[in-house]
Amino acid sequence: MPAKRRRVQAQEEEETDEKEASGMKNENDLVSSKYFQSKKMRLLSDFYNKPCIDLAKSFLGQILVRRLPDGTELRGRIVETESYLGGEDEASHSRGGKRTERNVAMYMKPGTIYVYQIYGMYFCMNVSSQGDGAAVLLRSIEPIEGLDTMRKFRNVKRNVQKPLKDKELCNGPSKLCQAFAIEKSLDRQDLANDQSTWLEAGPEILEEDIVSCARIGISAGEWTHKPLRFYIKNNKFVSVRNKAAETSANT
DNA sequence: CATCTGATGTGCT
DNA sequence: GCACATCAGATGA
């Protein structure tokens, strides 16, 4: 029966829709959901101690929490991740076992946050997993709590006032960093112990609701097309959907 | 919808 | 010097 229940949940996601002009619609839906009626449980060290691909899939559905200095808490459900496997993976910062000042967090214990800057102006957030130099990139989050603050952060960073739809707040690795105020200072912090940033257990995602496909923005020979990107099927907050992978996946 | 382009600056060869 | 795990705006179909 859990399978049936989760199917229903997947359908509900399709219905949370274009009424985002009103702003708070989505937030109300999720706040009243089963997750928010239950205890918010922080994920502990053991959770992160698994192989990179397993961790990337396990992240789907979990809740990222950011506690700001003023006490505001931001919450969102992880809906899209990518695996970077380590030495063998030609697309990884740790390819060939390379260690630099920038990427040391990739070699730290599973659950360690790796934040790096890209294109001079953006950040990306990863979490190290089991395996030497292996880490998971967070690519998209479904915002749950603190949407107004997220919108403010995103507008400040973009230096424009154009109103953002809910789905535009965190649907990309650097967008979610802006929305959650994730910066270089979080690099090498431990997601299992940090006071400002952690993960809480969210509703479990069924394997059949996970789409696996090629990573985004990669051109590294045979590693370009390996299915190392994972996202929740039919979720509106994913950055880039892969229709071919969705239809071939299953019924 | 798809494809292109400029912004921007750090890390690494 | 140049590549870069990106984003936003513009353009054409």
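Letters A, B, ... mirror the listed sequences (proteins, then strands); counts begin at 1.
Residues A:E73 and A:R67 are paired through a salt bridge, judged by an N-O separation under 4.0 Å between the basic side chain and the carboxylate. Salt-bridge annotation for A:R188 and A:E101: present, with a side-chain N of the basic residue lying under 4.0 Å from a carboxylate O of the acidic one. Residues A:E246 and A:K233 are not paired through a salt bridge, judged by the lack of any N-O separation under 4.0 Å between the basic side chain and the carboxylate. Looking at A:D166 and A:R151, a side-chain N of the basic residue comes within less than 4.0 Å of a carboxylate O on the acidic one, giving a salt bridge.
Counting heavy atoms from C-beta on, the side chains of A:V127 and A:Y48 come closer than 4.5 Å.
Checked by atom type, the side-chain pair A:R139/A:T81 shows no donor-acceptor distance below 3.5 Å. Side-chain contact of A:R66 with A:T197: a donor-acceptor pair under 3.5 Å is present, judged by distance alone. Under 3.5 Å, the side chains of A:Y114 and A:Q189 contain no donor-acceptor pair of N or O atoms.
Within the nucleic acid shown, A:Q117 comes within 4.0 Å of sugar-phosphate atoms alone, with no base atom in reach, counting heavy atoms only.
Taking the centre of each ring, A:H93 and A:Y84 stay at or above the 6.0 Å mark.
Rounded to whole Å, atom P of C:dG9 lies 10 Å from atom NZ of A:K175. When rounded to the nearest whole Å, the span between OH of A:Y116 and P of B:dC12 equals 13 Å. In this structure, A:K184 atom NZ and B:dG9 atom P are separated by 16 Å, rounded to whole Å.
In the region residues 87-115 of chain A, proximity to DNA chain C at under 4.0 angstrom, judged on heavy atoms, holds for A:A91, A:H93, A:M106.
Residue pairs meeting the salt bridge (charged side-chain N to carboxylate O under 4.0 Å, His left out) criterion with at least one member in residues 169-178 of chain A, sequence neighbours excluded, do not occur. Contacts classified as salt bridge (charged side-chain N to carboxylate O under 4.0 Å, His left out) and involving residues 47-64 of chain A (residues at least two apart or in different chains) are given here: A:K57-A:E207.
With rounding to the nearest 0.5 angstrom, the OG1 atom of A:T72 is 11.0 Å from the CE atom of A:M150.
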Using nucleotides 6-8 of chain B, report all nitrogen or oxygen pairs with the protein that are shorter than 3.5 Å.
unit_1: B:dT8; atom_1: O2; unit_2: A:Y119; atom_2: O; d: 2.7

Pairwise N/O distances under 3.5 Å, protein to nucleotides 10-13 of chain C:
none

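Counting only Watson-Crick or G-U wobble pairs whose defining distances are both under 3.5 Å, the stems of 3 or more consecutive pairs in DNA chain B are B:1-7 with C:6-12, B:9-12 with C:1-4.
The one candidate from A:K226, A:R215, A:R95 that meets the side-chain hydrogen bond (donor to acceptor under 3.5 Å, both in side chains) condition with A:D89 is A:R215.
The phosphate of C:dT6 (OP1 or OP2) has a side-chain N or O of A:R139 nearer than 4.0 angstrom.
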